[in-house]
Colleague: 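Sharing a structure with you now.
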Amino acid sequence: VQSRLCVRDHDIDQIALAWRDIRRLVVSCAQCTSEPPTLDGLYILADSCRKLEELVLPQLDLKNLGKTIKRRPPKVPPPGSRGNPLRVFRITRYSRTRIEDAQAVSIAQCIDSLFPNVDIAQSWKHDNSLEAILGDWYLIWVNITAASALRKVALSRVSGLPFDVELRKY
């Protein structure tokens with residue numbers, strides 16, 4: 001029996017409270033409801049699940065970013081901090097909301113600041129379809145790549161080490 005799945009911020013909060021040491025969280029569904037989690041859910045997981053290495057969600061609300069981003073805007077982690085260990089972050093359903101560039105930048109900066117160790121090559125999987133390339137998540141991943149590169153250049157400048165030496169740490 002196929003049923004619709006609903007995973008809201010409240011549900012993510014309950015998961016984070018119950019399984020603080022969770023290393024892998026994969027939520028999969030054939031059909032999703034119209035109430036996907038917001039960035040608030042990502043803040044909850046980043047703060048509460050400090051061992052999380054892989055996060056796969058069917059979708060994320062790209063229009064309603066939640067309330068936390070206004071109280072805690074994205075920032076570059078301080079030099080030397082390891083940040084959340086999350087390496088794989090995936091959204092499995094393509095978004096058709098057609099967000100503005102500025103919204104994509106905000107989402108990307110938030111994801112990069114919460115999860116600075118995300119491996120973009122492992123996380124951004126798509127089928128090279130026109131829908132994927134023209135979709136919202138392609139634009140977001142391009143901006144995550146840019147935010148990550150800028151952060152690594154900034155770390156290189158602070159540490160005084162060449163850029164490629166700083167990259168080898170990641």
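All of these numbers come straight from a predicted model, not from anything done at the bench.
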Colleague: Is there a side chain to side chain contact (heavy atoms under 4.5 Å, CB included) between Leu45 and Leu55? Walk through the geometry before answering.
Modeller: CA-CA 9 Å; Leu45 289 170; Leu55 174 61; 3.7 Å; yes

Colleague: Hey, are Glu53 and Arg23 close enough for a salt bridge, meaning a charged N less than 4.0 Å from a carboxylate O?
Modeller: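 Yes, charged N to carboxylate O under 4.0 Å.
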
Colleague: Grab the two heavy atoms, one from Asn84 and one from Cys49, that are nearest each other, plus how far apart they are.
Modeller: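 Smallest interatomic distance, heavy atoms only, reads ND2-O, 3.6 Å.
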
Colleague: Less than 4.5 Å apart, any side-chain heavy atom of Phe89 and any of Leu42?
Modeller: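 Phe89 vs Leu42: side chains touch.
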
Colleague: Supply the atom-to-atom distance Ile44 CD1 to His10 NE2, rounded to the nearest 0.5 angstrom.
Modeller: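 It is 10.0 Å, given to the nearest 0.5 Å.
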
Colleague: Do Arg82 side-chain atoms and Asn117 backbone N/O form a donor-acceptor pair below 3.5 Å?
Modeller: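 No, the answer is negative, given that no donor and acceptor are paired below the 3.5 Å cut-off.
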
Colleague: Looking only at heavy atoms, what is the nearest atom pair of Gly83 and Pro116, with distance?
Modeller: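 Where Gly83 meets Pro116 most closely, the heavy atoms are CA-CG, 4.0 Å.
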
Colleague: Hydrophobic clustering (ILVMFWY, side-chain heavy atoms < 4.5 Å, transitive) - are Ile140 and Val56 grouped together?
Modeller: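 No, because Val56 and Ile140 fall into different hydrophobic clusters, even though each may have its own neighbours under 4.5 Å.
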
Colleague: How close do Pro58 and Thr92 get, heavy atom to heavy atom, and via which atoms?
Modeller: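 Heavy atoms only, the tightest pair is CA-OG1, 3.2 Å.
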
Colleague: Is the backbone of Thr68 close enough, under 3.5 Å, to the side chain of Asp40 for a donor and an acceptor to pair up by distance?
Modeller: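 Here the side-chain-to-backbone pair exists.
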
Colleague: Closest approach of Val26 and Glu54, non-hydrogen atoms and distance?
Modeller: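 In terms of heavy atoms, the two residues are closest at CG2-OE2, 4.3 Å.
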
Colleague: Just by modelled atom types, is the Asp119 backbone N or O under 3.5 Å from a matching donor or acceptor in the Ser123 side chain?
Modeller: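 Yes: the side chain of Ser123 pairs with the backbone of Asp119.
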
Colleague: Are Val88 and Val27 in one and the same hydrophobic cluster, where Ile, Leu, Val, Met, Phe, Trp and Tyr link if side-chain heavy atoms are under 4.5 Å apart?
Modeller: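 Unlinked, Val88 and Val27 end up in two clusters.
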
Colleague: Who are the salt bridge (charged side-chain N to carboxylate O under 4.0 Å, His left out) partners of Glu100, not counting sequence neighbours?
Modeller: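 Partners of Glu100 under the salt bridge (charged side-chain N to carboxylate O under 4.0 Å, His left out) test: none.
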
Colleague: Can you list everything that forms a salt bridge (charged side-chain N to carboxylate O under 4.0 Å, His left out) with Arg50? Sequence neighbours excluded, please.
Modeller: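 Scan of Arg50 (salt bridge (charged side-chain N to carboxylate O under 4.0 Å, His left out), adjacent residues dropped) gives none.
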
Colleague: Give the cluster check for Ile144 versus Val105: same hydrophobic cluster or not, with ILVMFWY residues linked at side-chain heavy-atom distances below 4.5 Å.
Modeller: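 Result: no, two separate clusters.
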
Colleague: Show me the pairs that pass side-chain hydrogen bond (donor to acceptor under 3.5 Å, both in side chains) and involve residues 106-115, at least two apart or across chains.
Modeller: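 Sorted pair list: Asp112-Arg151.
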
Colleague: Enumerate, atom names and distances included, each donor-acceptor pair closer than 3.5 Å involving a side-chain atom of residues 11-19, sequence neighbours excluded.
Modeller:
{"from": "Asp11", "atom 1": "OD2", "to": "Arg8", "atom 2": "N", "distance (Å)": "2.8"}

Colleague: Check the pair Asp101 / Leu139 against side chain to side chain contact (heavy atoms under 4.5 Å, CB included), numbers first and verdict last.
Modeller: CA-CA 8 Å; Asp101 290 351; Leu139 182 59; 3.4 Å; yes

Colleague: Indicate if Val142 and Trp124 have the same hydrophobic cluster label, given that clusters are the connected sets of ILVMFWY residues with side-chain heavy-atom separations under 4.5 angstrom.
Modeller: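 Linked within one cluster.
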
Colleague: Once side-chain contact (heavy atoms from CB on, under 4.5 Å) is applied, do any residues pair with Thr145, and if so which ones, sequence neighbours excluded?
Modeller: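 Expected list: Ile120.
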
Colleague: Please tabulate, one pair per line, all N/O donor-acceptor pairs under 3.5 Å involving side-chain atoms of residues 60-67, not counting sequence neighbours.
Modeller:
{"from": "Asp61", "atom 1": "OD1", "to": "Lys63", "atom 2": "N", "distance (Å)": "3.0"}
{"from": "Asp61", "atom 1": "OD1", "to": "Asn64", "atom 2": "N", "distance (Å)": "2.9"}
{"from": "Asn64", "atom 1": "OD1", "to": "Gly66", "atom 2": "N", "distance (Å)": "3.0"}

Colleague: Could you walk me through whether Ile91 and Trp141 satisfy the side chain to side chain contact (heavy atoms under 4.5 Å, CB included) test, starting with their C-alpha distance in whole Å, then the side-chain angles of each, then the deciding distance to 0.1 Å, before giving a yes or no?
Modeller: CA-CA 11 Å; Ile91 302 294; Trp141 279 109; over 6 Å; no

Colleague: To the nearest 0.5 Å, what is the distance between CH2 on Trp137 and CD on Gln59?
Modeller: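 Between Trp137 CH2 and Gln59 CD, I get 10.5 Å after rounding to 0.5 Å.
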
Colleague: With side chains defined as the heavy atoms from C-beta onward, is the minimum distance between Ile107 and Ile99 less than 4.5 Å?
Modeller: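 Side chain of Ile107 against side chain of Ile99, heavy atoms only: contact under 4.5 Å found.
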
